[in-house]
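Below, chains carry the letters A, B, ... as their sequence lines are ordered, and counting in each starts from 1.
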Protein chains: 2
Amino acid sequence: MSMDFAPPKYAQVMTAIQQRIRDGEYAPGTMLPSETQLVREFGVGRTTVVRALQTLAMQGWIEREHGRGSFVKGRPEAPADRVRPGLTATEHGETAESIVSVERVPAPRHIAHLLGVDERTPVIARQRLTKQGERVSAVETFWFPLEVALGTDLDKPDPLRHGVRQHLQAVKHLRFDHVTERLAARKPTKEEADILGSTSPVLGVLATVHDAAGSVLFALSLALPGELHELEDVYSVR
Amino acid sequence: MSMDFAPPKYAQVMTAIQQRIRDGEYAPGTMLPSETQLVREFGVGRTTVVRALQTLAMQGWIEREHGRGSFVKGRPEAPADRVRPGLTATEHGETAESIVSVERVPAPRHIAHLLGVDERTPVIARQRLTKQGERVSAVETFWFPLEVALGTDLDKPDPLRHGVRQHLQAVKHLRFDHVTERLAARKPTKEEADILGSTSPVLGVLATVHDAAGSVLFALSLALPGELHELEDVYSVR
DNA sequence: CTCGGTTGCTTGTCCGGACGAGCGGCGAGG
DNA sequence: CCTCGCCGCTCGTCCGGACAAGCAACCGAG
């Protein structure tokens with residue numbers, strides 16, 4: 001009788017209590033059975049029950065009051081984090097027709113500023129597009145410092161099958177730590193307008209990707225046409 | 001000898017270890033002393049040391065690997081949450097000259113949809129502007145269902161000194177629970193363009209404010225000119 | 001040299017017991 | 001009637017011990 005991979009007992013107790021809250025057996029606002037009662041019911045030690053209750057409290061299922069009891073708060077809502085256009089772009093694979101151009105160019109001022117280099121320092125500009133059906137739905141430009149692109153395929157016009165993030169991780173063991181995004185409405189540049197086939201306003205996203213030390217690995221700039229992109233964000237204000 | 005309010009021992013152990021990480025005594029990547037060693041050093045039981053280590057791991061200070069040891073990750077960074085234009089607008093106070101108009105109007109389609117009512121249902125439209133110096137920097141329109149505005153000053157053109165959120169909380173005991181924001185680039189409407197004195201692209205924010213039951217309390221629509229507003233967001237991708 | 005078992009260190013989980021402290025009801029005394 | 005102290009219930013914290021399991025290094029057999 002080998003129950004392979006039986007979850008730890010405190011997790012079993014947690015799951016049981018969560019189920020009862022979902023089922024309405026333990027209604028919000030009501031008091032849970034006392035620790036002693038739960039010990040008897042589940043046939044485990046109090047340490048185990050307490051661990052389960054503490055974890056449930058930390059996850060927002062219940063509230064514990066010293067000397068009174070544990071009280072049901074309800075199903076905790078996941079903080080439904082928002083869309084991260086900057087990160088998403090680094091994870092998308094490429095196809096032959098999605099590549100617009102891959103060039104070595106002098107860094108424009110705003111990009112040089114983001115990368116922390118002098119204006120007109122040579123950098124690799126890798127421009128791609130994404131499609132929804134036949135329509136071009138976004139223009140993405142990556143800006144890599146030469147020392148980052150060195151030894152990678154980022155400066156070659158061949159499509160990266162698994163995206164920029166995987167490529168940098170696999171080839172140069174670079175790990176992303178955090179991303180800074182700056183978001184504003186603007187008119188598309190002439191070049192973007194040509195590719196998009198429209199001059200209507202775009203959501204401009206300027207992102208920098210950093211390593212654990214906080215250094216900028218590279219920058220990217222997205223043009224998301226307003227008619228096609230809506231970023232949704234739900235947040236708690238309790 | 002009364003040590004008033006001595007913190008629990010596991011918290012003392014946590015604080016000591018945090019201090020050593022901050023001081024560099026325990027450098028990132030290195031292994032912490034084993035639980036047994038910490039038990040000896042601090043003169044507490046292993047349960048206490050384990051509680052301290054588990055809590056530190058949950059807060060992101062260390063990582064624990066079964067059978068290997070506990071390893072320092074570093075000072076955990078607060079997840080620097082992003083700007084919430086929708087919420088901010090509900091918290092700003094008003095002045096006499098910031099009010100553009102307060103009218104009872106039939107709900108336009110997209111607003112009716114957000115509020116969950118039929119098109120052209122009468123609602124209160126409260127339009128305001130914000131300034132940076134002399135320049136109008138944003139146009140904010142609140143859309144209140146009549147039953148929400150009932151008994152409040154929201155349908156009166158007098159400035160709300162402490163903002164919409166405080167007013168609804170104080171007068172009708174309505175508590176905000178969460179906000180849903182939809183964000184896109186668009187052209188300003190004719191009306192917004194007149195007020196802003198510009199037709200350049202704006203960041204359009206459509207937000208709904210919900211109570212704990214998930215019902216929509218009201219909606220608001222912001223027009224933030226792209227040249228003046230940049231939303232910044234930093235997030236971890238580890 | 002290579003392979004596989006043994007051994008020792010580490011964390012993961014669990015138990016049963018212990019004492020303290022917050023809270024609320026109840027009854028005795030004012 | 002009100003007040004105050006006692007008591008029982010609850011959670012908060014802590015201990016020492018126990019066994020399982022992951023991992024790495026060592027060592028002998030082949």
Side-chain angles (χ1 to χ4, degrees), chain A residues 1-18 20-21 25-74, chain B residues 1-18 20-21 25-74:
Chain A
M1 258 277 286
S2 68
M3 286 268 293
D4 266 82
F5 300 128
K9 291 202 188 174
Y10 73 93
Q12 297 179 29
V13 174
M14 278 181 60
T15 308
I17 295 178
Q18 285 168 348
R20 292 178 190 181
I21 292 178
E25 186 179 335
Y26 296 159
T30 62
M31 195 174 122
L32 261 67
S34 80
E35 296 177 355
T36 321
Q37 282 176 291
L38 293 172
V39 164
R40 274 197 292 269
E41 177 181 345
F42 289 102
V44 299
R46 193 166 87 102
T47 317
T48 307
V49 168
V50 166
R51 185 106 100 85
L53 293 179
Q54 282 175 336
T55 310
L56 286 174
M58 272 188 301
Q59 295 183 359
W61 288 81
I62 63 176
E63 261 176 5
R64 313 188 73 207
E65 277 185 54
H66 194 158
R68 300 229 310 129
S70 297
F71 299 86
V72 180
K73 277 178 72 178
Chain B
M1 259 283 284
S2 67
M3 286 268 294
D4 267 80
F5 298 127
K9 290 200 189 175
Y10 74 92
Q12 298 178 28
V13 174
M14 278 181 61
T15 308
I17 295 178
Q18 284 168 347
R20 293 179 189 179
I21 292 177
E25 185 177 336
Y26 296 158
T30 62
M31 193 175 125
L32 259 66
S34 79
E35 296 179 355
T36 320
Q37 283 176 292
L38 292 172
V39 164
R40 275 198 292 269
E41 177 181 345
F42 288 102
V44 298
R46 191 165 86 105
T47 318
T48 307
V49 167
V50 167
R51 185 106 98 89
L53 293 179
Q54 282 176 334
T55 310
L56 286 173
M58 273 187 300
Q59 296 183 359
W61 287 84
I62 64 176
E63 261 176 6
R64 312 187 70 207
E65 279 184 54
H66 194 158
R68 300 231 308 133
S70 298
F71 300 85
V72 180
K73 277 178 70 179

Which atom pairs, one a donor and one an acceptor, fall under 3.5 Å between side chains of residues 39-58 of chain B and the rest of the protein, sequence neighbours left out?
from, atom 1, to, atom 2, distance (Å)
B:E41, OE2, B:R20, NH1, 3.1
B:E41, OE2, B:R20, NH2, 2.5
B:R46, NH1, B:E35, OE1, 2.0
B:T55, OG1, B:R51, O, 2.7

query = Roughly how many Å is it from CD in A:Q54 to P in D:dC11, rounded to a whole number?
reply = 12 Å
request  = Ignoring backbone atoms, establish whether A:R68 has a side-chain N or O less than 4.0 Å from OP1 or OP2 of D:dC11.
outcome  = no
query = Rounded to the Å, how far apart are B:R46 CZ and D:dA18 P?
reply = 13 Å
request  = Please determine if a side-chain N or O atom of B:Y10 lies less than 4.0 Å away from the OP1 or OP2 oxygen of D:dC14.
outcome  = no
request  = Taking all heavy atoms of B:S70 and all of B:I62, pick out the closest pair and write down the distance.
outcome  = CB-CD1, 4.3 Å
inquiry  = Within the structure provided, determine whether B:F71 and B:E65 are in side-chain contact (heavy-atom separation under 4.5 Å).
reply    = yes
task = With side-chain contact (heavy atoms from CB on, under 4.5 Å) as the test, would you mind laying out the steps for A:I17 and A:W61 before giving the verdict?
result = CA-CA 9 Å; A:I17 295 178; A:W61 288 81; over 6 Å; no
key: Boundaries of the chain B footprint along DNA chain C (any atom under 4.0 Å from a heavy atom)   = C:dT10 to C:dT13
remark   = Of B:T36 and B:T47, the one whose closest nucleotide on DNA chain C sits nearer the 5' end is B:T36
query = How about B:R68 and B:M31: do any of their side-chain heavy atoms sit closer than 4.5 Å?
reply = no
ask   = Given that B:S34 and A:P8 both sit by DNA chain C, which one's nearest nucleotide is further toward the 5' end?
value = B:S34
key: B:Q12 side-chain N/O to B:P7 backbone N/O, donor-acceptor pair under 3.5 Å   = yes
message = If I take atom CG in residue A:L53 and atom P in nucleotide D:dT10, what distance separates them, rounded to the nearest angstrom?
response = 13 Å
request  = Look only at the side chain of A:T30 and the backbone of A:Y26, and say whether a donor-acceptor pair between them is shorter than 3.5 Å.
outcome  = no
query = Which whole-number value in Å describes the distance from B:M14 CE to D:dC14 P?
reply = 12 Å
Residues from residues 56-67 of chain A lying under 4.0 Å of DNA chain C - heavy atoms = A:H66, A:G67
request  = Working to the nearest 0.5 Å, report the span between CD of A:Q37 and CG of A:L32.
outcome  = 10.0 Å
remark   = B:E35 atom CD is separated from D:dC19 atom P, nearest whole Å, by 18 Å
